[in-house]
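In this text, all values refer to a predicted model and were calculated from it rather than measured experimentally. As the structure lists them, so they are numbered: ligands from 1, and atoms in each ligand from 1.
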Amino acid sequence: MTAPPLASGPQGPGALRPLLDTVLDALREGAETRGGPLPSGGPEAVAAMVRDALGEPLPVDGEPDALHRLVRALAAGTADPADPLCAAHLHTPPLAVAAAADLAVSVLNPSLDSWDQAPAASALETLVTRALAAEAGAADALVTTGGTESNQLALLLARETHPGVRLVCGANAHHSLVRAAWLLGLPEPVVVPTPAGTLDPAALDDALTHIPGPLLVAATAGTTDAGLIDPLPAIADLCRTHGARLHIDAAYGGGLLLSDRHRPRLDGLARAHTITLDLHKLGWQPVAAGLLAVRDTADLAALDHRADYLNADDDTEAGLPDLLGRSLRTTRRPDILKTAVTLKTLGRTGLGRLVDQVCALAQEFAATVEAHPRFELHDRPTISTVLFRPAGAPDAAVAAVRRRLLHDGRAVIGRAVLDGRLWLKATLLNPHTRPGDLTALLNLVDLASLAEGHAPT
Ligand SMILES: *Cc1c(COP(=O)(O)O)cnc(C)c1O
């Protein structure tokens with residue numbers, strides 16, 4: 001019995017081609033079985049389908065059809081962000097060209113913990129991260145697994161440059177910031193109430209005046225719940241006045257940098273010491289595609305680290321790039337390849353058009369909601385998130401409507417509490433969605449709302 005074929009090397013392409021056909025066939029069959037944005041029947045039905053497809057997870061003898069069977073099951077049971085009615089989260093439908101590039105990474109398996117495991121990938125990462133950092137007005141950027149890791153690193157760099165630093169953020173900030181403060185053993189964060197949805201400069205000024213430093217202010221450019229952008233220039237001014245460090249979490253809104261039209265909304269971004277970016281949101285990348293941009297490269301010295309087998313001093317002195325200080329991870333996949341391919345393939349024009357499209361779609365959907373007699377709109381969208389609810393429905397009915405649509409496999413929409421009320425959330429990231437799809441979504445919500453016994457008021 002010979003060993004199974006490898007993905008790379010001389011046999012790689014020949015072995016992979018038929019397997020890719022198998023994967024593509026199974027994806028299509030699974031999508032046909034599903035027939036909608038997510039599987040119907042809820043968690044129990046999906047778990048039973050997966051249990052059935054999997055059988056014994058580690059059989060004594062191998063089963064050659066496992067690839068087909070499990071990929072088909074995954075597709076049949078997935079929530080597919082490429083379906084216009086799957087619009088709950090910052091869960092992006094990835095571009096085909098990015099997924100194709102990612103396959104090359106799986107095949108070659110470079111690892112960015114040392115140059116001898118990733119000669120070209122490390123050079124590519126250097127070039128592309130610098131370019132992306134420059135877009136955000138920063139000097140350099142680290143590649144991360146997403147906004148959560150970027151926020152953690154931002155707090156770590158702040159702690160290392162300002163020992164004892166305390167986080168000050170709005171109640172609208174992403175939950176990962178407060179968690180990162182806990183992880184890093186920082187003092188209890190100061191959470192400034194944000195009744196209007198964004199960080200109010202007067203309230204921040206008050207906090208910065210009364211709380212002893214050193215302080216790290218975290219502002220948000222694109223809140224997860226509503227896509228709102230904090231007043232960045234005013235916040236940057238306050239940080240300068242009070243000597244506080246500034247982090248801007250632009251995991252969602254950072255994508256606006258790609259659009260000439262929407263970019264000015266991020267004015268002030270470049271004044272941050274650190275910036276979280278996340279191209280697996282408004283960047284159409286497969287997970288993971290996070291970045292932490294830094295204004296001052298000296299801050300990165302905190303991550304310097306030695307492991308003799310990876311970056312011995314004499315290797316570094318002899319000119320082998322030292323990669324270990326670019327992450328807290330050791331083995332690290334070159335997630336930059338799919339991003340590099342996407343940037344080059346679409347260009348600024350192509351990517352900017354995608355951003356403009358989803359933002360325009362959100363405006364159109366908001367107008368449809370506003371004109372509908374049985375719906376209430378929270379507000380005109382800032383980016384591509386629309387919050388709405390059946391007019392007059394109690395919160396429990398709003399929550400039940402969302403779960404009914406999930407259970408029936410008809411639509412995936414999110415939920416958010418704003419102004420003390422529960423709203424349904426459509427996060428629009430799919431540039432192929434047409435206004436008619438969203439009218440259909442509204443009709444589904446309307447029907448589900450009636451089915452939940454909510455008589456329109
Ligand atoms: C999504 C999000 C994050 C977390 O990013 P992950 O990629 O999910 O780790 C952080 N901040 C904001 C504002 C986000 O929307």
Partner residues of N109 under the side-chain contact (heavy atoms from CB on, under 4.5 Å) criterion, sequence neighbours left out: none

Sequence neighbours left out, cut at 3.5 Å: what donor-acceptor pairs do the side chains of residues 353-367 make with other protein atoms?
from	atom 1	to	atom 2	distance (Å)
D356	OD1	S259	OG	2.6
Q363	NE2	P381	O	2.8

Matching residue for L418 among T194, L387, D379, N172 - test: side chain to side chain contact (heavy atoms under 4.5 Å, CB included): L387

Dump all N/O pairs between ligand 1 and the protein below 3.5 Å as a table: atom names plus distance, one pair per row.
from	atom 1	to	atom 2	distance (Å)
ligand 1	5 (O)	G147	N	3.1
ligand 1	5 (O)	D278	OD2	3.2
ligand 1	5 (O)	K281	NZ	3.3
ligand 1	7 (O)	G147	N	3.0
ligand 1	7 (O)	D278	OD2	2.6
ligand 1	7 (O)	H280	NE2	2.7
ligand 1	9 (O)	G147	N	3.3
ligand 1	9 (O)	T148	N	2.8
ligand 1	9 (O)	T148	OG1	2.7
ligand 1	11 (N)	D249	OD1	3.2
ligand 1	11 (N)	D249	OD2	2.6
ligand 1	15 (O)	T224	OG1	2.8
ligand 1	15 (O)	K281	NZ	3.0

Qualifying residues under side-chain contact (heavy atoms from CB on, under 4.5 Å), relative to L246, sequence neighbours excluded: V217, A219, I235, A236, C239, I248, A272, H273

Over 12 non-hydrogen atoms of neighbours within 6.0 angstrom of CZ in R410: no

Side chain proximity check, W115 to P321, heavy atoms < 4.5 angstrom: yes

